[in-house]
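Notes follow once the structure below has been shown.
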Amino acid sequence: MKDFGREILAWYEIHGRDLPWRKTTDPYKIWLSEIILQQTRIKQGLSYYHNFTEKYPDVSSLARAPEEEVLKCWQGLGYYTRARNLHHTARIIANDQQYTFPDNYKDLLNLKGIGEYTAAAIASIAFDEPRAVVDGNVIRVLSRIFGIKKSFDKPEGKKIFISKANDLISKKEPGKFNQAIMDFGSIYCVPANPDCNHCIFKNDCYAFRNDQVDKLPVRSPKIKIRKRYFHYLVFNWNDPEQKTLLKKRNERDIWMNLYDFPLIETENTMKWKDLITHPEFKKLTKGLIFNLRQSSPLYKHQLTHQQIHARFFMLDITALPNRKNYHKTKKSDISKYPVSRMIEKFLQDYP
DNA sequence: AAAACGGGGGA
DNA sequence: TCCCCAGTTTT
């Protein structure tokens, strides 16, 4: 290959996407876009980017916002740690550094939520630092064209990919180069059935020449999925005058800092008859007179590493208990709280 | 070094 | 269904 950088940049000039964060050099907006796009498709993240930039046009406005409001804006995007870190980091930048934004790879790397990829992306795009990004797209493009068979998950493979990308990067237009190779990977060198016969690299591509396109990149063995069984207690759902109880999820677990209902988690699904004998259930309903009005079908919610089986039990009770860490809430106010997609689905099904 | 962390969409 | 997505943090 003569000059990979020149070729990919030429391709990018013609085929590169027109995206809102490419019209700005504001590091805050570049940062925001990169966080939103972590493990997230552009199509899915686009509306969130617009909402955020409108509501929080700069670091200080984001820093001033309450965390709960930021989480609410993030609702539905997943990986909620991203939102908490984004907000946390905005406060650090706004407070400690007199509103200046870290302007190089090393300093960016120190911030919460910014790892190797994002630091390289911001440094190259906003500050022209020649620092190659390596994401899923880059891994695919490099492994195929240059025949890299090491898995990126292993330290050895990771070093190879990062070093190769840094060898190739344009020193003159590092940001453009990075976006070019990612665009090429996501538009052209796609995971399944890429159109290799018309590819600009067909004569040089190792995978194409050796019929290895569907073998590269090498995938790591897939993880096993934990099954969990949630039983939610939804108090006074059918009585508009009465409030219900919400709980903020605090433990180190999925959906941290989002809200859901009082929850009994077990190793298996439990019928109502058995659930009422569960110690957690007794604790939650201690001193209450309750009546099961309705129970939902089983909700199956698939996460990357977990499969949640959830059932909602709608209970009538005479008086709402005072429980530590539980919030009394009017039904109509629940929409103000950030919730997981699963809870959102339940709220739609049982308005 | 490995596990945890969401949700959507394409094939 | 399976795979992948502009990855990072915690254990």
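Letters A, B, ... are given to chains in the order of the sequence lines, protein chains preceding strands, and every chain is numbered from 1.
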Round to the nearest Å and state the distance from [X] atom [atom1] to [N] atom [atom2].
X	N	atom1	atom2	answer
A/Asn110	C/dT9	CG	P	10 Å
A/Arg82	B/dG8	CZ	P	12 Å
A/Arg249	B/dG6	CZ	P	9 Å
A/Met256	B/dG6	CE	C1'	13 Å
A/Phe152	C/dG7	CZ	C1'	9 Å
A/Tyr299	B/dG6	OH	C1'	19 Å
A/Lys112	C/dT9	NZ	C1'	7 Å
A/Lys154	B/dA3	NZ	P	11 Å

Is it the case that the side chain of A/Asp3 and the backbone of A/Arg6 share a donor-acceptor pair, with hydrogens and angles ignored and the cut-off at 3.5 Å?
yes
Heavy atoms under 4.0 Å, any strand shown: does [X] hit a base, just sugar-phosphate, or nothing?
X	answer
A/Ile30	nothing
A/Ser340	sugar-phosphate
A/Trp21	base
A/Ile114	sugar-phosphate
A/Gly76	sugar-phosphate
A/Thr40	base

On the nucleotide C/dT8, are OP1 or OP2 found under 4.0 Å from the side-chain N or O atoms that A/Thr118 carries?
yes
So does A/Gln39 get a side-chain nitrogen or oxygen closer than 4.0 Å to the phosphate oxygens (OP1/OP2) of C/dG7?
yes
With the side chain of [X] defined as its heavy atoms from C-beta on, choose the nearest nucleotide among [options].
X	options	result
A/Ile42	C/dT8, B/dG7, C/dA6	C/dA6
A/Asn137	B/dG10, C/dG7, C/dC5	C/dC5
A/Gln306	B/dC5, C/dG7, C/dA6	B/dC5
A/Lys43	C/dA6, B/dG10, C/dG7	B/dG10
A/Thr304	B/dG7, C/dA6, C/dG7	B/dG7
A/Trp255	B/dG6, C/dA6, C/dT8	B/dG6
A/His305	B/dG7, C/dA6, B/dC5	B/dC5

Taking atom C1' in both C/dA6 and B/dA3, compute the distance separating them and give it to the nearest angstrom.
23 Å
When rounded to the nearest Å, what value does the distance between P atoms of B/dG8 and C/dT8 take?
22 Å
With a 4.0 Å cut-off, would you call A/Asp260 and A/Lys247 a salt bridge?
no
Are A/Asp167 and A/Lys164 within salt-bridge range, i.e. N to O under 4.0 Å?
no
side-chain hydrogen bond (donor to acceptor under 3.5 Å, both in side chains) for A/Lys345 and A/Gln348? Distances and angles first, verdict last.
CA-CA 5 Å; A/Lys345 179 84 175 14; A/Gln348 278 171 16; over 6 Å; no
Starting from the 5' end of DNA chain C, give me the residue, A/Arg140 or A/Leu109, whose nearest nucleotide shows up first.
A/Arg140
Name the residue closer to the 5' end of DNA chain C, choosing between A/Arg252 and A/Tyr79 according to the nucleotide with the nearest heavy atom.
A/Tyr79
Would you mind pulling out the nucleotide paired to B/dG6, Watson-Crick or G-U wobble, both distances under 3.5 Å?
none
First of A/Asn193 and A/Gln44 reached from the 5' end of DNA chain B, by closest nucleotide
A/Gln44
Among A/Tyr79, A/Phe52, A/Tyr49, A/Trp74, whose side chain to side chain contact (heavy atoms under 4.5 Å, CB included) with A/Ile35 holds?
A/Trp74
In terms of ring plane angle, is the pair A/His309 and A/Tyr229 parallel, tilted or perpendicular, where the classes change at 30° and 60°?
parallel
Steps toward side-chain hydrogen bond (donor to acceptor under 3.5 Å, both in side chains) verdict (A/Asp107, A/Asn104):
CA-CA 6 Å; A/Asp107 290 343; A/Asn104 62 83; 2.8 Å; yes
